[in-house]
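Treat the numbers as computed from the prediction; the structure is a model and nothing was measured.
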Amino acid sequence: MKLISLFASLLAASGLANAQQPPRWGLGFGAAVSDSVYAGEGTRVTPFPLVSYQGERFYWRGISGGAHLVKRGGFSLDATLSARFDGIDRDDFGVPELAGRGIDRALLEDRDDAFDLGLAGSWRGAMGQLDLGVKGDITSTSKGYEANLTYSYPVQWGATRISPNVGVSHLSKKLANYYYGILPEEVARGVASYQPGSAAVARIGVDVMRPFAGNWVFIGNVAYRKLPTRLSDSPLVEKDKDGSVSAFIGLSRGF
């Protein structure tokens with residue numbers, strides 16, 4: 001999960017999302033690939049258009065946007081709006097995989113995608129970049145929130161910018177229970193209750209950005225997310241699976 005949102009940070013690091021430049025648009029395409037942790041879902045491949053805009057105050061980066069509230073030197077604080085693509089349709093679960101976990105797929109509900117509203121702070125300096133954000137569900141899907149802390153160290157190699165990064169996400173009780181737990185209506189149908197509660201998910205990855213042919217830019221990402229035991233023990237998660245690898249590649253042209 002969390003596939004498509006990876007490229008928002010890459011657009012932010014690229015020249016297509018540089019607030020020091022005059023307002024400009026970016027248009028392109030990309031694809032996200034992930035080894036899903038959900039039982040029987042397998043590999044997700046999601047192609048989608050890349051649309052970005054950077055103005056003096058407002059910006060949009062694919063599936064997230066916001067407004068600059070404070071911007072001084074290496075520090076910025078933004079109000080953000082972003083899509084959450086962590087959901088899964090009931091029919092995308094594997095019947096035998098769920099059965100091995102003691103669940104009849106027909107008794108489950110869909111887990112829906114959502115929109116989050118939040119705040120994001122960023123500090124840039126000689127030692128790298130530190131990003132801290134918190135965002136909460138505004139669609140009453142999970143009614144939960146997520147807090148993120150990420151450290152990255154960009155390295156310039158010719159025209160290519162490589163940014164290794166590590167981070168951790170704190171999922172609130174309501175958020176984790178919705179996407180990894182058994183819902184009350186499912187319990188009422190006879191599914192055994194499981195409520196993981198709040199959890200921290202560690203992440204390590206590398207972002208790559210390379211401009212070429214004038215206003216074009218290639219952006220890519222590879223990341224690994226490690227699920228804590230309380231999430232990997234969920235009956236909705238593939239048995240013996242405690243993490244997932246995801247990747248994103250895209251091309252965009254600035255105007």
- Message: Show the nearest heavy-atom pair for residues H68 and D78, with the distance to one decimal.
- Response: ND1-OD1, 3.0 Å

- Message: Between F48 and F85, is the ring centroid distance below 6.0 Å?
- Response: no

- Assess whether atom CD1 of I249 is packed by more than 12 heavy atoms of other residues, nucleotides or ligands within 6.0 Å. no

- Note on the structure: Minimal heavy-atom distance between T80 and L117, with the atoms involved, is O-CD1, 3.2 Å

- Do L132 and L81 belong to the same hydrophobic cluster, where Ile, Leu, Val, Met, Phe, Trp and Tyr are linked whenever their side-chain heavy atoms lie under 4.5 Å apart, directly or via other members? no

- Note on the structure: All heavy atoms of V51 vs all of W60, minimum pair found to be O-CD1, 3.5 Å

- Is it true that a side-chain atom of D89 and a backbone atom of D110 form a donor plus acceptor pair closer than 3.5 Å? no

- Message: Please check this pair: side chain of N177 against backbone of K173, looking for a donor-acceptor N/O pair closer than 3.5 Å.
- Response: yes

- Message: Pair T43, V33 - check side-chain contact (heavy atoms from CB on, under 4.5 Å), show working.
- Response: CA-CA 7 Å; T43 301; V33 181; 3.7 Å; yes

- Item | Atom pair CG/OH of N165 and Y153 - distance to nearest 0.5 Å | 14.5 Å

- Query: Any sub-3.5 Å donor-acceptor pair from R111's side-chain atoms to Y178's backbone N or O?
  - Reply: yes

- So, does S172 use its side chain to make a donor-acceptor pair with the main chain of Y145 at under 3.5 Å? yes

- Query: Does R105 have any side-chain hydrogen bond (donor to acceptor under 3.5 Å, both in side chains) partners at least two apart in sequence or in another chain, and if so, which?
  - Reply: none

- Message: Applying side-chain contact (heavy atoms from CB on, under 4.5 Å) to K226 and D242, what does each step give before you reach the verdict?
- Response: CA-CA 6 Å; K226 176 70 167 64; D242 61 0; 3.6 Å; yes

- Query: If you count the non-hydrogen atoms of other residues, nucleotides and ligands that lie under 6.0 Å from NZ in K241, is the total more than 12?
  - Reply: yes

- Message: Tell me whether R230 contacts the main-chain N or O of A200 through its side chain, where contact means a donor paired with an acceptor under 3.5 Å.
- Response: no

- Item | Intermediate values then yes/no, side-chain contact (heavy atoms from CB on, under 4.5 Å), W157 and I162 | CA-CA 7 Å; W157 186 24; I162 302 173; 4.0 Å; yes

- Does one hydrophobic cluster hold both L107 and V95, with members joined at side-chain heavy-atom distances below 4.5 Å? no

- Item | Pairing residues for Y194 by the ring pair (Phe, Tyr, Trp, His ring centres under 6.0 Å) criterion, not counting sequence neighbours | none

- Message: What I'd like to find out is whether the side chain of L251 reaches to under 4.5 Å of the side chain of F212, using heavy atoms alone.
- Response: yes

- Message: Check R189 with E109, please: is the shortest side-chain N to carboxylate O separation under 4.0 Å?
- Response: yes

- Query: Side chain of Q156, backbone of G158: donor and acceptor closer than 3.5 Å?
  - Reply: yes

- Query: Hey, does E97 have a side-chain heavy atom less than 4.5 Å from the side chain of E238?
  - Reply: yes

- Item | Criterion side-chain contact (heavy atoms from CB on, under 4.5 Å) on Y179 and L231, from CA distance to verdict | CA-CA 9 Å; Y179 287 108; L231 297 187; over 6 Å; no

- Message: Quick check: is V245 connected to I204 through a chain of hydrophobic side chains (ILVMFWY, heavy atoms under 4.5 Å apart)?
- Response: yes

- Heavy-atom closest pair (P154 atom, G128 atom, distance to 0.1 Å) is CD-CA, 4.4 Å

- Message: For F93, does the six-membered ring have the charged nitrogen or CZ of R90 within the cation-pi criterion, i.e. under 6.0 angstrom from the centroid and within 45° of the normal?
- Response: no

- Note on the structure: Taken to the nearest 0.5 Å, the spacing of S34 OG from R44 CZ works out to 7.0 Å

- Message: Could you tell me if the side chain of D137 sits less than 4.5 Å from the side chain of F115, heavy atoms only?
- Response: no

- Query: L227, I88: one ILVMFWY side-chain cluster at the under-4.5 Å cut-off?
  - Reply: yes

- Query: In terms of hydrophobic clustering (I, L, V, M, F, W, Y; side-chain heavy atoms under 4.5 Å; direct or indirect links), are V70 and F58 co-clustered?
  - Reply: no

- With distance as the sole test, does R253 use its side chain to make a donor-acceptor pair with the main-chain N or O of V217 at under 3.5 Å? no

- Query: For residues T150 and D131, is any side-chain donor paired with an opposing acceptor at under 3.5 Å?
  - Reply: no

- Side chains of V208 and V222 in contact at under 4.5 Å (non-hydrogen atoms): no

- Message: Any side-chain to backbone donor/acceptor pair from Q129 onto S122? Under 3.5 Å, distance only.
- Response: no

- Item | Closest contact, heavy atoms only, A159 versus P211 | O-CD, 3.2 Å

- Euclidean distance, S152 OG relative to R124 CZ, rounded to 0.5 Å: 8.5 Å

- Report yes if some heavy atom in the side chain of F255 is under 4.5 Å from a heavy atom in the side chain of N215; otherwise report no. no

- Note on the structure: Between the CG atom in D112 and the OG atom in S142, the distance rounded to the nearest 0.5 Å is 10.5 Å

- Task: Taking the side chain as every heavy atom from C-beta outward, state whether L130 and L149 have any pair of such atoms under 4.5 Å apart.
- Result: yes

- Item | Exercise: identify the closest heavy-atom pair between A176 and L171 | CB-CB, 4.3 Å

- Message: With a 4.5 Å cut-off on side-chain heavy atoms, are V201 and V168 touching?
- Response: no

- Using a strict 4.0 Å threshold on nitrogen-to-oxygen distance, state whether R84 and E146 make a salt bridge. yes

- Do L236 and I103 come close enough that some side-chain heavy atom pair is under 4.5 Å? yes

- S234 side-chain N/O to Y180 backbone N/O, donor-acceptor pair under 3.5 Å: yes

- Message: Please report the interatomic distance CD(E41) to CG(D35), rounded to the nearest 0.5 Å.
- Response: 9.5 Å

- How long is the gap from CG on D116 to NZ on K135, to the nearest 0.5 Å? 5.5 Å

